Number of protein chains: 2
Amino acid sequence: MRRSAEAAQLTRDRIVATGVTKTSTDGLYALTIGSLADALGMSKAGVVGPFGSRAGLQFAVLTKAADMFIAAVVAPSMQVESGLPRLRVTIDLWCGYLDSSPFPNGCFVTAASCELDGRPGELRNLLLATVTRWRAFLREQIVIAQTAGDIATTLDADDLVTALTGIAMSANQEIQLLADATAPARARRLMLAAITR
Amino acid sequence: MRRSAEAAQLTRDRIVATGVTKTSTDGLYALTIGSLADALGMSKAGVVGPFGSRAGLQFAVLTKAADMFIAAVVAPSMQVESGLPRLRVTIDLWCGYLDSSPFPNGCFVTAASCELDGRPGELRNLLLATVTRWRAFLREQIVIAQTAGDIATTLDADDLVTALTGIAMSANQEIQLLADATAPARARRLMLAAITR
DNA sequence: TCCTTTAGCGTACGATCGTTCACTATCGAG
DNA sequence: CTCGATAGTGAACGATCGTACGCTAAAGGA
């Protein structure tokens, strides 16, 4: 049973990975079982089986995308000390993620936020938790840096979180829609300027 | 012929208005002829007829939404002189639009940007033109204000455009996804701070 | 080696998708 | 009043949607 269970897990991962790629360009609600089955060379039943339903598949895809964001931007920053050093590393990783993300069509979380913000349900709840944790992480590093005297306490932490996430969102639009190659560097410069003011 | 043509125009407007509302929550690609027909109490053929096809309907909806954004945020600002005065009025209108927009689910343009940025076609072209004109308008007012000595020339105009649009996008997420009622006021304060630095 | 479990396939279901077409009813022009 | 134009209806089409069910084949435990 173990060997086959491992194989099933690999299949599951393959389905989710392809689903994340398709969702990145078309959105979570355009993720259809049939097109995913075609892309994978599998039957529809084989694709949806491990997840029970299309909703389960969407949930797995969003979970995976959130994990990928954390793995790309947050996790590596944990190797440097908290506060300003970690914040600076995070900004570098963040802008690198915006420039050439693991998703073909820009920031998955931002796209999901626009797609899901008006559609109550488990998908929205999962996204809300992800965004809330991400913003809390940023805020925490800012406050630690302020306590250490590395960021001016005249700046409001919530204001900085809004400014930083905003710069990222605007840069994402400049990269994905406006095809502005200078956007990632500008975003990095603006983010660093925002916290060193 | 005139009377009936007017009636046809009213029907067209009614279809587009309902389509804009539905699209605001579900997205352009979830705008379905059947559901729109149900919402309007019309037949599917009657809904899609005036637009030739679903693609034509989507185009009309996006056009209308862009017009509504311009009418809400840009047009009224034309009554004050260009440069800093017009920019300040625009910021007020912009934050008011984010707070209680004519769309039920937040900034239509931002949502469309995320939905369309990876899908080449006429819809994307229309959106790209809209966003480009909007950013050019902001930049123009900034440059005029700088020429008049009302905004420091040490600030880069493109940087300011990125910062302002970013604040708006972040505030949009805070309002729509995070249900943060303080977001509009913070956005206004941050925008004004950005240009008076 | 046999037996149970299960990963994944193939098929079928009803519903809905976008589009087309014949038709009706209404309205303005003559 | 009559007639041509047209806004909108209703039915039908092939395709695709998500889901369910029976099946096959392979794999692990006995």
Side-chain angles (χ1 to χ4, degrees), chain A residues 1-23 25-64 115-116 119-124, chain B residues 1-20 22-23 25-64 115-116 119 121-124:
Chain A
M1 178 165 57
R2 213 175 63 242
R3 199 64 150 266
S4 69
E6 281 174 15
Q9 184 59 45
L10 285 179
T11 300
R12 216 187 125 101
D13 292 344
R14 207 164 55 96
I15 295 169
V16 172
T18 306
V20 166
T21 300
K22 286 187 70 70
T23 298
T25 60
D26 296 340
L28 271 168
Y29 282 90
L31 182 65
T32 85
I33 298 172
S35 66
L36 194 49
D38 283 346
L40 288 161
M42 293 177 62
S43 66
K44 290 204 295 176
V47 165
V48 78
F51 309 96
S53 67
R54 181 190 179 225
L57 175 60
Q58 289 172 316
F59 195 87
V61 165
L62 182 55
T63 301
K64 173 68 176 174
E115 188 178 9
L116 297 175
R119 310 170 87 138
E122 291 197 26
L123 285 177
R124 188 187 191 281
Chain B
M1 177 164 62
R2 212 174 65 241
R3 199 64 151 267
S4 69
E6 281 174 15
Q9 184 60 45
L10 285 179
T11 301
R12 216 187 124 102
D13 292 345
R14 206 164 55 98
I15 295 169
V16 172
T18 306
V20 166
K22 285 186 71 69
T23 298
T25 59
D26 296 339
L28 271 168
Y29 282 90
L31 181 65
T32 246
I33 297 173
S35 66
L36 194 50
D38 283 345
L40 287 160
M42 293 177 61
S43 66
K44 290 203 296 176
V47 164
V48 79
F51 308 96
S53 68
R54 181 191 180 225
L57 175 61
Q58 289 173 315
F59 195 87
V61 165
L62 182 55
T63 301
K64 174 67 176 176
E115 187 178 11
L116 297 175
R119 309 170 88 138
E122 291 197 25
L123 285 177
R124 188 186 191 280

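Only a predicted model underlies this, so the values are computations on that prediction, with no experimental measurement involved. Labels below follow one simple rule: chain letters A, B, ... track the order of the sequence lines, proteins then strands, and each chain is numbered from 1. Below, all heavy atoms of this structure are taken into account, side chains as well, without hydrogens, waters or symmetry copies.
- B:Q58 has its CD atom 9 Å from the P atom of C:dT19, to the nearest Å.
- Distance B:Q9 CD to D:dT6 C1': 15 Å, rounded to the nearest Å.
- For B:V48, the listed nucleotide lying nearest its side chain is C:dT19; candidates were C:dT19, C:dC9, D:dG8.
- When rounded to the nearest whole Å, the span between CZ of A:F59 and C1' of D:dG18 equals 20 Å.
- Residue A:S35 places no side-chain N or O under 4.0 Å from the OP1 or OP2 atom of D:dT16.
- Put simply, the residue from A:L62, A:V61, A:T63 that forms a side chain to side chain contact (heavy atoms under 4.5 Å, CB included) with A:V20 is A:V61.
- Side-chain atoms of B:K44 and base atoms of C:dG18 include a donor and an acceptor less than 3.5 Å apart.
- Here C:dA7 presents its P atom at 12 Å from CZ of A:F51, a figure rounded to the nearest Å.
- Mapping B:G34 and A:A45 onto DNA chain C by nearest heavy atom places A:A45 closer to the 5' end of the strand.
- Judged by the 6.0 Å and 45° rule, A:R54 forms no cation-pi pair with A:F59.
- In the set C:dA7, C:dC9, D:dG18, D:dG18 carries the atom at the smallest distance from any side-chain atom of A:T32.
- Rounded to a whole Å, the OH atom of A:Y29 is 18 Å from the C1' atom of C:dC17.
- Looking at which nucleotide of DNA chain D each of A:R54 and B:G46 is closest to, the 5′-most match is held by B:G46.
- Out of D:dA7, C:dT19, C:dG8, the shortest distance to the side chain of B:I33 is found at C:dT19.
- Computed from coordinates, the B:L40 CG to D:dA7 C1' distance equals 15 Å when rounded to whole Å.
- Between the CG atom of B:L31 and the P atom of C:dC17 there is a distance of 11 Å, rounded to whole Å.
- Applying the side chain to side chain contact (heavy atoms under 4.5 Å, CB included) test between B:S35 and each of B:D38, B:T32, B:L31 identifies B:T32 as the sole match.
- In this structure, B:Q58 and B:L28 approach most closely via the heavy-atom pair NE2-O, 2.9 Å.
- For the pair B:E115 (side chain) and B:Y29 (backbone), a donor-acceptor distance under 3.5 Å is present.
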